[in-house]
Amino acid sequence: MRRGDKQLPLDVRVDPMMKVSIIVPVLNEIATLPALLERLRLLALHGCEVILVDGGSDDGSPSLARCAGFNVLQAPRSRARQMNVGAAQAQGDLLLFLHADTLLPFGADMLITQSLHTDQRQWGRFDVRIAGKPPVLRLVAWFMNYRSHLSGIATGDQAIFVTRSAF
């Protein structure tokens, strides 16, 4: 995992026990939701708050998520609007914005809090690993991660996390 380049002021400390809120914008994600919800269920058992924000799905995505026991909010169709609606409702100290087709590594909550606590940063991201057989996908992922490392710029596919105060 690589972390963001923004440093916290010297007098600010990140508590490793801060609550993580995971915000997932959803739009017609029925094919990817079962794997995502299973992974999110494990994080919810560790105390993470999980909020899915639907932008008007017509494939049953919200019903599937609700039946699995997850909180689903409604918002106008727009990834940014959906993320902002989720952030406004989130109770966590740390916000993690996750694409519905992105799976977090096991123990992501601990990795996030350790990363922010250890490096005294306000935000970070995960490296991308792209599933698929074409070898070029590994090269694309490497370039995305390298670009982020050099520039401090992250994309939504990298599961961006940020302290509430920095957000």
Side-chain angles (χ1 to χ4, degrees), residues 1-27 29 32-33 35-55 65 68 70-73 75 78-131 140-167:
M1 178 174 68
R2 295 210 167 86
R3 296 147 210 76
D5 293 326
K6 302 279 183 178
Q7 293 284 23
L8 282 171
L10 294 176
D11 61 340
V12 176
R13 297 284 181 254
V14 176
D15 180 350
M17 300 310 293
M18 293 177 102
K19 183 174 182 176
V20 176
S21 292
I22 302 170
I23 301 157
V24 186
V26 176
L27 181 63
E29 303 289 351
T32 61
L33 274 181
L36 174 67
L37 296 177
E38 187 59 35
R39 206 52 87 87
L40 291 176
R41 182 180 323 284
L42 296 173
L43 289 163
L45 290 172
H46 286 156
C48 292
E49 175 184 36
V50 177
I51 301 171
L52 289 91
V53 186
D54 186 66
F70 289 94
N71 184 18
V72 181
L73 304 175
S78 161
R79 186 172 280 152
R81 286 185 188 133
Q82 290 168 252
M83 290 169 27
N84 284 327
V85 165
Q89 294 296 312
Q91 300 298 308
D93 307 296
L94 303 171
L95 307 175
L96 168 64
F97 298 98
L98 182 68
H99 283 190
D101 63 352
T102 301
L103 297 178
L104 293 169
F106 290 105
D109 54 336
M110 297 299 285
L111 293 170
I112 291 167
T113 54
Q114 286 172 354
S115 167
L116 295 178
H117 181 73
T118 302
D119 294 339
Q120 296 301 296
R121 299 186 186 271
Q122 294 187 60
W123 73 278
R125 62 162 179 88
F126 288 92
D127 275 352
V128 170
R129 292 186 185 136
I130 302 175
V140 169
W142 184 87
F143 275 111
M144 284 176 70
N145 297 327
Y146 187 65
R147 183 218 51 204
S148 290
H149 176 70
L150 290 178
S151 69
I153 296 171
T155 66
D157 291 322
Q158 293 170 301
I160 299 168
F161 50 91
V162 62
T163 62
R164 177 174 291 286
S165 60
F167 180 75

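We use all heavy atoms of the structure for the numbers below, so side chains are in, but hydrogens, waters and symmetry mates are not.
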Output side-chain donor-acceptor pairs under 3.5 Å for residues 36-45, partner residues at least two apart or in another chain, one line each.
{"residue": "Arg39", "atom": "NH1", "partner": "Leu104", "partner atom": "O", "Å": "2.3"}
{"residue": "Arg41", "atom": "NH1", "partner": "Ala68", "partner atom": "O", "Å": "3.2"}

Legend entry - Qualifying side chain to side chain donor-acceptor pair (under 3.5 Å) pairs, either residue in residues 81-90, two or more places apart: none
Legend entry - Taking every non-hydrogen atom, the tightest pair across Leu52 and Ala65: CD2-CB, 4.2 Å
Inset, instruction - Quick one: closest heavy-atom pair of Leu116 and Gln122, and the distance? - result: CD2-C, 3.9 Å
Inset, instruction - Kindly give the heavy-atom pair with the smallest separation between Gly92 and Ser21, and that separation in Å. - result: N-OG, 2.8 Å
Legend entry - For Leu98 against Ala159, the heavy-atom pair lying closest together: CD1-CB, 3.9 Å
Legend entry - Spacing of Glu49 atom CD and Ile23 atom CD1 [to the nearest 0.5 Å]: 7.5 Å
Inset, instruction - Kindly compute the distance separating NZ (Lys19) from CD (Gln91), expressed to the nearest 0.5 Å. - result: 7.0 Å
Inset, instruction - Apply side chain to side chain contact (heavy atoms under 4.5 Å, CB included) to Phe161 and Leu94, showing your working. - result: CA-CA 7 Å; Phe161 50 91; Leu94 303 171; 5.9 Å; no
Inset, instruction - Could you tell me whether the side chain of Val50 reaches within less than 4.5 Å of the side chain of Phe70, counting heavy atoms only? - result: yes
Inset, instruction - Report yes if some heavy atom in the side chain of Arg164 is under 4.5 Å from a heavy atom in the side chain of Asp93; otherwise report no. - result: no
Inset, instruction - Check the pair Ile22 / Val20 against side chain to side chain contact (heavy atoms under 4.5 Å, CB included), numbers first and verdict last. - result: CA-CA 6 Å; Ile22 302 170; Val20 176; 4.1 Å; yes
Inset, instruction - Check the pair His99, Arg79 against side chain to side chain contact (heavy atoms under 4.5 Å, CB included), reporting the backbone distance first and the verdict last. - result: CA-CA 9 Å; His99 283 190; Arg79 186 172 280 152; 3.3 Å; yes
Legend entry - Beyond-backbone contact of Val72 with Val26, side-chain heavy atoms, under 4.5 angstrom: no
Inset, instruction - Taking ring pair (Phe, Tyr, Trp, His ring centres under 6.0 Å) as the test, write out the residues that go with Phe143, two or more places apart. - result: none
Inset, instruction - Taking Glu29 for its side chain and Ala100 for its backbone only, find out whether a donor-acceptor pair lies under 3.5 Å. - result: no
Inset, instruction - Mind listing the closest non-hydrogen atom pair of Ala87 and Leu95 along with its distance? - result: CB-CD1, 4.0 Å
Inset, instruction - Give the minimum heavy-atom separation between Leu27 and Gly55, together with the two atoms involved. - result: CD1-O, 3.7 Å
Inset, instruction - To the nearest 0.5 angstrom, please state how far the CG atom of Leu96 sits from the CD1 atom of Ile51. - result: 11.5 Å
Inset, instruction - Could you please spell out the steps behind the side chain to side chain contact (heavy atoms under 4.5 Å, CB included) verdict for Phe126 and Thr102? - result: CA-CA 11 Å; Phe126 288 92; Thr102 301; over 6 Å; no
